[in-house]
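Data block below; observations after.
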2 protein chains.
Amino acid sequence: MLIEELGLYFERRHNLPPLAARIYAIMVLSSQEGFSFEELMEITQASKSSVSTNLNLLLQLKYLEYYTRPGKRKRYFRSSGSFLQNMLKERFETIISDLELTQKVNKFNQENNPENYRKKGYIGNIFHDFLEQEKLNIEQTLQRIRDFKEQN
Amino acid sequence: MLIEELGLYFERRHNLPPLAARIYAIMVLSSQEGFSFEELMEITQASKSSVSTNLNLLLQLKYLEYYTRPGKRKRYFRSSGSFLQNMLKERFETIISDLELTQKVNKFNQENNPENYRKKGYIGNIFHDFLEQEKLNIEQTLQRIRDFKEQN
DNA sequence: TAGTTAGTTCGGAACAAAACGAACTGTAAA
DNA sequence: TTTACAGTTCGTTTTGTTCCGAACTAACTA
């Protein structure tokens, strides 16, 4: 099932606990507008406490948001923003930290391995250019999404 | 220390066990050409069995390779290809699998959520373009590295 | 053939992460 | 003011990961 596959994907790539990943996958793949706490217990077959803990984690990480329906006390949960936007933002952050780390590794090699710095250093520059290009691509894509949302 | 930082980085991003991540970080940051089993035990202060298990994991995942020195029975380990090349290749693979997954999610939404497919589908296309652009960037960068190596 | 070198494999200990059940809190309706 | 609902918190249990030591193997060496 695609939900399981997507769940495993979130588990690995976003370092989410299994249940949180499954819940998020359910939200992303469903056409339903908002799930109640009970529904999620039912669907995942997990306990109240586990669902509570993992929903709160997802809320805290801003993967999900909730709303209430007039008159009712229940909360309904849905994925905040789009799956794709979140993916892009996450990727953006990893690229920024990769850039920083590569710069450190380059600097280290320059100072400590001067004998092969020329080689390693040059490749470091290529990689730096690569990351800058990535940053650009992500920024442009996020802009395209914003544009699309605006005229909708 | 940078080795520890890089170790944590590999642990998180590549889902490596702590010792494997540390060993790989050591290889990446050192100017030394090849480490023996014993040296790695000494440096990491880990047991024979742990070093064995984790070296074999890194070999299996192609992070490392080994060679022998004429006459000697010992194996010497080093990182295969460059750190940066490996990073790029890994990123390339994640992008390919992201592309496949997005296509599945798009297809799923098209079939199961026709009512909001227009919106989700459109963003899916933006994302698809994004991934194609990424693929291109990675391919070009790997080419630049190959070119550089060739004329060296 | 016995001993040394260079590792591998297996079972378990120590620890960490995830899920659970039961008791609890806060709010709202009866 | 009691009861029902919607969820939270906390201590325990279950499950999973990482590392280790001890016994083992395979290849060479004296």
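Quantities reported herein were computed from a predicted structural model and do not represent experimental measurements.
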**Message:** Base, sugar-phosphate or nothing for A/R69? Non-hydrogen atoms, less than 4.0 Å.
**Reply:** nothing
Is the base of [N] touched by the side chain of [X] through a donor-acceptor pair closer than 3.5 angstrom?
X: B/S47; N: D/dG21; result: no
X: A/R73; N: D/dC5; result: yes
X: B/S52; N: C/dG7; result: no

Let me know the distance between [atom1] of [X] and [atom2] of [N], rounded to the nearest Å.
X: B/L40; N: C/dT8; atom1: CG; atom2: P; value: 12 Å
X: B/L64; N: C/dG7; atom1: CG; atom2: P; value: 14 Å
X: B/R22; N: D/dC19; atom1: CZ; atom2: P; value: 6 Å
X: A/N56; N: D/dT8; atom1: CG; atom2: C1'; value: 8 Å
X: A/K48; N: D/dC10; atom1: NZ; atom2: P; value: 16 Å
X: A/E42; N: D/dG7; atom1: CD; atom2: C1'; value: 18 Å
X: B/M41; N: C/dT5; atom1: CE; atom2: P; value: 14 Å
X: B/Q60; N: C/dT8; atom1: CD; atom2: P; value: 13 Å

Counting just side-chain N and O atoms, does [X] come under 4.0 Å of either OP1 or OP2 of [N]?
X: B/S49; N: D/dC20; value: no
X: A/N54; N: C/dA18; value: no
X: B/R75; N: C/dG7; value: yes

Taking the side chain of [X] as heavy atoms from C-beta outward, which of [options] is closest to it?
X: A/L19; options: D/dT8, C/dA19, D/dC19; answer: C/dA19
X: A/P18; options: D/dA22, C/dC20, C/dA19; answer: C/dA19
X: A/F37; options: D/dT8, C/dA6, D/dC20; answer: D/dT8

**Message:** Let me spell it out: for each of A/G71 and A/T53, pick the nucleotide of DNA chain C with the closest heavy atom. Which residue's pick is nearer the 5' end?
**Reply:**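 Looking at DNA chain C, the more 5' nearest nucleotide goes with A/T53.
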State, yes or no, whether a side-chain contact exists between [X] and [Y] at a heavy-atom distance under 4.5 Å.
X: B/Y24; Y: B/H14; result: no
X: A/I43; Y: A/F35; result: yes
X: B/I23; Y: B/Y63; result: no
X: B/K48; Y: B/M41; result: yes

**Fill in**
Checking B/I145, B/L88, B/D147, B/L142 against A/I126 for side-chain contact (heavy atoms from CB on, under 4.5 Å), the one that qualifies is B/I145
